[in-house]
Undergrad: 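Have a look at the structure that comes next, please.
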Protein chains: 2
Amino acid sequence: MGTEARKLQGEVDRLQQELQTLKAQYHSEDEELITISDYILKRLEQLNVTSIFGVPGDFNMPFLDFIEDHPTIQWIGNCNELNAAYAADGYSRVKEHSIGVVVTTFGVGELSATNAIAGAFSEMVPVLHIVGVPSTTQLKNKPMLHHTLGDGRFNVYTKVAEQITAAQAMIMNKAQAAAEIDRILMEAIIQARPVYLTLPMDLTTEKISARRLKVELPRTPPPNNPDVESYVIDEIMELVEDAKRDVIVLVDACAVRHDLREEVNDLLVKTQFPVYATPMGKTSVSEEHERYGGIYIGSITHPSIKERVENANLILSIGALKSDFNTGMFTYHIPARHTIELHSDHTLVRHAKFPGIGMKWLLPKLTERLSKFQEGASRIPVPHYKLDVPKESDDKISHAYFWPRVGKFFRKQDVIVAETGTSNFGVLDVPMPDQCIFVSQILYGSIGWATASTLGAAIAARDRHLGRTILFTGDGSMQLTVQEISTMTHNKLTPIIFVLNNKGYNIERHLHGLDRKYNDIADWKWASLLTTLGDIEGKLTQSYTVRSKSELDKLLDDEEFASARKIQLVEVIMDKYDTPRALQASAALTAQAAAGQL
Amino acid sequence: MGTEARKLQGEVDRLQQELQTLKAQYHSEDEELITISDYILKRLEQLNVTSIFGVPGDFNMPFLDFIEDHPTIQWIGNCNELNAAYAADGYSRVKEHSIGVVVTTFGVGELSATNAIAGAFSEMVPVLHIVGVPSTTQLKNKPMLHHTLGDGRFNVYTKVAEQITAAQAMIMNKAQAAAEIDRILMEAIIQARPVYLTLPMDLTTEKISARRLKVELPRTPPPNNPDVESYVIDEIMELVEDAKRDVIVLVDACAVRHDLREEVNDLLVKTQFPVYATPMGKTSVSEEHERYGGIYIGSITHPSIKERVENANLILSIGALKSDFNTGMFTYHIPARHTIELHSDHTLVRHAKFPGIGMKWLLPKLTERLSKFQEGASRIPVPHYKLDVPKESDDKISHAYFWPRVGKFFRKQDVIVAETGTSNFGVLDVPMPDQCIFVSQILYGSIGWATASTLGAAIAARDRHLGRTILFTGDGSMQLTVQEISTMTHNKLTPIIFVLNNKGYNIERHLHGLDRKYNDIADWKWASLLTTLGDIEGKLTQSYTVRSKSELDKLLDDEEFASARKIQLVEVIMDKYDTPRALQASAALTAQAAAGQL
């Protein structure tokens with residue numbers, strides 16, 4: 001379908017929705033009815049949701065009955081709600097064109113998920129948070145129920161949710177239920193943010209019209225104003241002309257979050273512009289693409305890449321998200337007059353802002369116009385982005401060795417999850433094969449996220465028939481959410497989990513308190529974790545400890561290990577103080593910022 | 001010190017505080033200065049705080065330096081923030097006359113603690129939540145920092161905290177720092193609720209006057225209006241006369257939370273009124289007290305106790321907290337015209353409410369007046385509260401057998417923590433020896449609370465030279481917060497942890513979905529947990545699995561086990577469907593309530 005046709009289809013879908021809302025008020029006798037629970041599940045099915053995460057509680061169990069009985073959607077029972085919401089986040093990130101869903105219970109459950117939902121908001125990940133709440137009668141009468149604050153304030157939890165979600169629906173009767181459910185789902189998709197739905201126990205089985213379900217929810221943003229859009233394209237074309245074809249593309253997180261992989265790829269094929277990615281944009285463009293030049297992260301960038309990016313006459317930035325760690329602590333040396341920024345809901349051409357001109361519709365048209373520069377652009381050389389495994393004299397596993405070495409282990413279509421901190425900075429420099437998906441939480445940076453997120457990522461990878469799911473985390477981070485590896489084993493998922501054991505919070509040491517005791521942690525028997533947490537017979541999992549380069553090499557070269565037929569955990573013994581290059585540089589910049597020098 | 005003197009001392013302290021606040025505005029050149037960090041720690045020291053819980057993050061580490069360097073306060077590094085806040089809650093509950101303290105980092109850390117802080121609010125537990133936040137410059141300029149929502153809203157986390165804490169202080173300069181710190185600490189103590197403090201990185205080392213520290217914070221509520229108080233006492237006396245000495249005392253949670261153990265005991269000694277406790281009031285009065293008759297929980301009460309409570313001519317209720325599970329699903333059969341309720345900030349005499357008349361000052365005066373009824377009251381017999389171990393024909397460990405049996409294992413001064421759900425209902429009926437402290441979360445009821453709370457409880461018990469700390473939890477609940485047992489081992493604590501392994505969420509099964517898969521959980525190797533999570537050499541811990549009554553008896557009779565010199569975990573294999581009497585009854589009432597029949 002062409003751009004114009006897709007835009008029109010979006011409009012048609014939207015108008016039909018509006019029509020259905022009105023029609024719903026005039027039920028006919030013989031129309032099809034559906035429970036509110038099944039209405040929700042049907043919508044989720046239409047959005048390709050296969051798995052719902054969460055923890056049972058007495059206020060959500062009536063809804064869980066419907067999930068358990070659903071033919072295509074499976075219930076993934078988590079160990080706790082924070083982990084469940086992280087898993088929904090990971091699922092959403094890897095599934096793409098879909099959403100993550102987490103179900104918790106009133107108060108005690110939903111509040112435990114707060115941090116994960118805030119993380120999804122920050123990082124623009126669509127997640128539906130469904131909370132099972134007391135009956136509508138109880139919500140009105142406000143008795144001193146368990147899970148309340150005991151002071152009659154029944155709206156407290158919703159007020160918390162309002163702070164960290166893009167839209168909320170508190171269903172209190174069946175009349176508006178369908179329209180409300182549809183509204184927040186559309187917000188989740190279009191804004192790429194979490195949304196919040198409360199479902200009272202007694203409404204789970206109430207029946208409503210199924211008519212709206214005949215039209216699927218639109219999944220594209222509203223169209224741009226054609227006059228402004230055409231003006232913006234002309235402006236951009238003029239700048240590109242002026243740039244004498246020395247244009248580079250810089251792809252960032254929002255290109256993936258707002259579903260522009262295809263459009264960006266099309267731009268690159270048709271223009272042959274050199275392309276770079278930010279840390280949060282890593283793998284949004286294939287790192288094996290012949291025009292791909294590597295990762296740009298301000299002052300921390302490898303010098304050869306830094307020079308190419310910062311000296312370009314014009315930078316076309318797609319989906320920028322300029323957070324501290326994503327920009328090398330705000331050290332971009334790119335003047336605004338050399339920059340065009342495409343965003344989901346606005347466009348910046350040098351200093352001029354065009355609100356409402358979103359990249360989803362703008363980019364394809366721009367690509368058509370820019371294709372005429374292909375021949376000139378293709379003549380600009382882009383050095384192949386690679387990272388060699390260094391020769392080191394000792395056998396200790398250093399960061400300088402580890403990351404390039406695991407880079408050789410990666411395969412096409414692997415899903416690679418890196419925890420905030422050491423792992424994230426370490427893996428940045430490692431080129432990943434074509435169609436790999438890199439998952440990280442660089443803006444929000446909540447440690448513990450990666451382990452639980454890997455559960456959701458692995459399920460989404462299975463849904464999409466992608467390759468292996470590989471997690472890199474540290475001993476400190478892993479401790480926050482460790483129990484969720486049990487859910488992975490229980491659900492026969494087979495991620496490979498690398499735990500960097502360096503006796504504490506490595507990133508924190510490098511930011512402050514290098515030798516402080518508060519950065520030390522209790523050491524665990526990492527290689528016994530998988531069996532203790534669920535693999536009672538010892539047949540479903542495999543664990544390893546590697547202490548030297550030779551042990552690491554041997555394991556990574558082992559075809560049985562690489563085939564990832566079981567869940568596997570690798571404890572990697574590293575020096576307490578060693579740290580990746582990018583983290584070292586970033587910590588130095590952070591210290592300067594804290595001291596007011598930046 | 002007599003009541004009147006203590007009241008006056010409270011007034012003196014308060015006036016001196018006010019004076020110091022004013023004086024602080026006129027610094028003299030030679031006055032003693034102290035960093036804001038040390039000011040906070042000094043106040044905590046004055047409140048007998050010995051341990052602070054939390055997780056390091058880059059925004060709180062400058063403050064952690066001060067904790068680590070403090071001579072008497074120790075840093076307890078937790079595995080995650082939810083657990084840290086639960087531990088602070090447990091510490092506060094067992095320490096008494098003090099507060100719990102948890103330190104987290106901006107956003108990602110503090111939001112993870114949300115549920116635990118809300119629980120402390122609900123259950124009236126004073127906890128200080130200190131959040132390390134960016135520098136004051138960053139807070140004003142709002143760059144897109146990590147741990148933010150990326151949209152410039154830097155006040156979001158504070159808005160969340162406002163919903164679930166009794167007072168907040170966002171320190172932004174040193175001028176008001178001391179007064180603000182003092183204000184929220186006093187609120188925490190007087191309201192018995194959590195409070196919230198944000199500490200910007202750059203202010204941790206700023207120096208302020210130490211003068212206010214010379215006066216300790218008052219720890220008693222404001223005095224009652226003497227005229228109203230005296231009127232209320234007369235009213236109560238009249239009712240007691242009318243009741244022909246058939247008066248019983250019912251003690252509930254707030255008697256402990258608002259620090260009335262001593263006053264209540266004095267009342268019982270001087271009046272000899274029979275006394276009963278609610279589930280949340282359990283052990284607020286010694287269960288070996290000769291006038292103690294057992295637990296009252298509405299319809300769920302043992303019939304002989306129920307009759308005595310409900311047929312009394314007058315009930316003097318102290319610190320009532322009438323939540324669903326604490327009242328047998330609101331099935332009190334006690335008419336208001338037979339009831340006097342003493343609360344922390346008001347008094348109810350039958351239907352009349354007297355705002356501002358708090359029990360802390362009222363009760364001692366009332367006791368003096370009521371002591372004249374001693375002789376008559378002491379003639380009313382109170383059957384000894386006991387629970388025999390039943391004879392059962394098989395060797396399976398049933399709930400009917402387990403709870404009375406562990407009752408025989410309890411010793412004077414044990415701290416007994418029971419998880420929400422099966423354990424809580426099971427242990428209710430078990431009499432506990434003198435000076436035991438029973439810790440539970442019956443109103444808020446967040447599963448996972450008990451394990452992490454036990455960490456704090458065990459530290460407080462050590463501080464107070466109490467006996468053993470004993471936890472009862474289920475396999476489902478334990479999975480939520482399991483990693484915190486590692487912190488116990490790391491800190492050489494020696495709780496005894498009973499994990500009831502019944503293959504899932506037992507309480508949930510009995511509330512809804514008895515055979516639903518969502519109530520099943522992954523089975524773990526429980527007896528390997530302690531070694532895997534920190535006891536690498538296997539010397540610091542001991543684990544057991546008991547599958548029969550005889551195995552259980554043997555273990556409980558083992559003096560080495562009972563001496564609790566190491567941390568010990570006991571996996572107790574129980575039937576999937578078996579459940580305690582009180583839970584069964586409560587589940588039936590809950591089902592009726594959900595169906596609108598109550």
Side-chain angles (χ1 to χ4, degrees), chain A residues 56 58 61 64-65 68 75 77 79-80 82 108 111-112 114-115 118 121-122 135 137 144-147 149-150 156 159-160 163 201 322-325 330 443-446 448 479-480 482-483 486 490 505 508 511-513 516-519 522-525 528-529 531-534 536 594 596, chain B residues 56 58 61 64-65 68 75 77 79-80 82 108 111-112 114-115 118 121-122 135 137 143-147 149-150 156 159-160 163 201 322-325 443-446 448 479-480 482-483 486 490 505 508 511-513 516-519 522-525 528-529 531-534 536 594 596:
Chain A
D58 56 338
M61 291 190 290
L64 300 197
D65 290 347
E68 191 164 314
W75 170 250
C79 292
N80 68 38
L82 178 68
V108 296
L111 292 186
S112 285
T114 309
N115 185 41
F121 185 96
S122 175
S135 72
T137 313
M144 198 190 282
L145 293 182
H146 62 289
H147 302 347
L149 297 186
V156 166
K159 284 190 178 175
V160 170
Q163 298 300 323
M201 295 176 79
K322 295 188 204 161
S323 79
D324 52 2
F325 286 149
F330 310 117
L443 166 53
Y444 195 60
S446 179
Q479 293 194 346
L480 281 92
V482 65
Q483 50 272 83
S486 138
H490 195 59
Y505 304 112
E508 307 293 32
L511 290 171
H512 190 98
R516 283 291 186 174
K517 275 186 285 185
Y518 56 68
N519 282 327
D523 202 8
W524 288 1
K525 273 197 207 169
S528 301
L529 259 186
T531 49
T532 300
L533 305 187
I536 294 187
Chain B
D58 56 338
M61 290 190 290
L64 300 196
D65 290 347
E68 191 164 314
W75 171 250
C79 292
N80 67 38
L82 178 68
V108 296
L111 292 187
S112 284
T114 310
N115 185 40
F121 185 97
S122 174
S135 72
T137 313
M144 198 190 282
L145 293 181
H146 62 289
H147 301 347
L149 297 187
V156 165
K159 284 191 178 176
V160 170
Q163 297 301 323
M201 294 176 79
K322 296 188 204 161
S323 79
D324 51 2
F325 286 149
L443 166 54
Y444 195 60
S446 178
Q479 293 193 347
L480 281 92
V482 65
Q483 50 272 83
S486 139
H490 195 59
Y505 304 112
E508 308 292 32
L511 290 171
H512 190 98
R516 283 290 186 177
K517 276 186 284 185
Y518 56 68
N519 282 327
D523 202 9
W524 287 2
K525 272 196 203 170
S528 302
L529 259 185
T531 49
T532 300
L533 304 186
I536 293 186

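Order of the sequence lines sets the chain letters (A, B, ...), proteins ahead of strands, with each chain counted from 1.
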Undergrad: Looking at chain B, which one of A/K525, A/M61, A/K322 has the largest number of heavy-atom pairs inside 4.5 Å, strictly under?
TA: A/M61
Undergrad: Rounded to the nearest 0.5 Å, how far does OG of B/S486 lie from CG of A/D523?
TA: 9.5 Å
Undergrad: Which atoms form the tightest heavy-atom contact between A/S446 and B/V108, and what is the distance?
TA: CB-CG1, 3.4 Å
Undergrad: Taking all non-hydrogen atoms of both residues into account, name the closest pair between A/G150 and B/L443 and its distance.
TA: CA-CD2, 4.1 Å
Undergrad: With chain B, which of A/L82, A/D65, A/L529, A/V160 has the greatest number of heavy-atom pairs at distances under 4.5 Å?
TA: A/D65
Undergrad: What heavy-atom pair brings A/H147 and B/Y444 nearest, and what distance separates the two atoms?
TA: ND1-O, 2.9 Å
Undergrad: Could you check which of A/L511, A/D324, A/N80 has the highest count of heavy-atom pairs closer than 4.5 Å to chain B?
TA: A/D324
Undergrad: Where do B/L149 and A/F121 come nearest, in terms of heavy atoms and distance?
TA: CB-CD2, 4.0 Å
Undergrad: Indicate the atoms forming the closest heavy-atom contact of B/Y518 with A/P56, along with that distance.
TA: O-CG, 3.2 Å
Undergrad: In terms of heavy-atom pairs under 4.5 Å, which option from A/H146, A/K159, A/K517 contacts chain B the most?
TA: A/H146
Undergrad: Got B/E508 and A/D58 here, is their nearest side-chain heavy-atom distance under 4.5 Å?
TA: yes
Undergrad: What residue, out of B/S323, B/G448, B/P143, B/G513, has the most heavy-atom pairs lying under 4.5 Å from chain A?
TA: B/S323
Undergrad: Can you say whether A/T532 sits under 4.5 Å from chain B via the side chain, the backbone, both, or neither, judging by heavy atoms?
TA: both
Undergrad: Taking the side chain from A/Q483 and the backbone from B/L480, do they hold a donor-acceptor pair closer than 3.5 Å?
TA: yes
Undergrad: Given heavy-atom pairs under 4.5 angstrom as the criterion, report whether the side chain, backbone, both or neither of B/T137 touches chain A.
TA: neither
Undergrad: Counting N and O atoms only, with roles assigned by atom type, does the side chain of B/Q479 sit under 3.5 Å from a partner on the main chain of A/C79, one being a donor and the other an acceptor?
TA: no
Undergrad: In Å, rounded to the nearest 0.5 Å, how long is the span from CG of B/L533 to OG of A/S528?
TA: 9.5 Å
Undergrad: Is A/H490 in contact with chain B via its backbone, its side chain, both, or neither, using a 4.5 Å heavy-atom distance?
TA: side chain
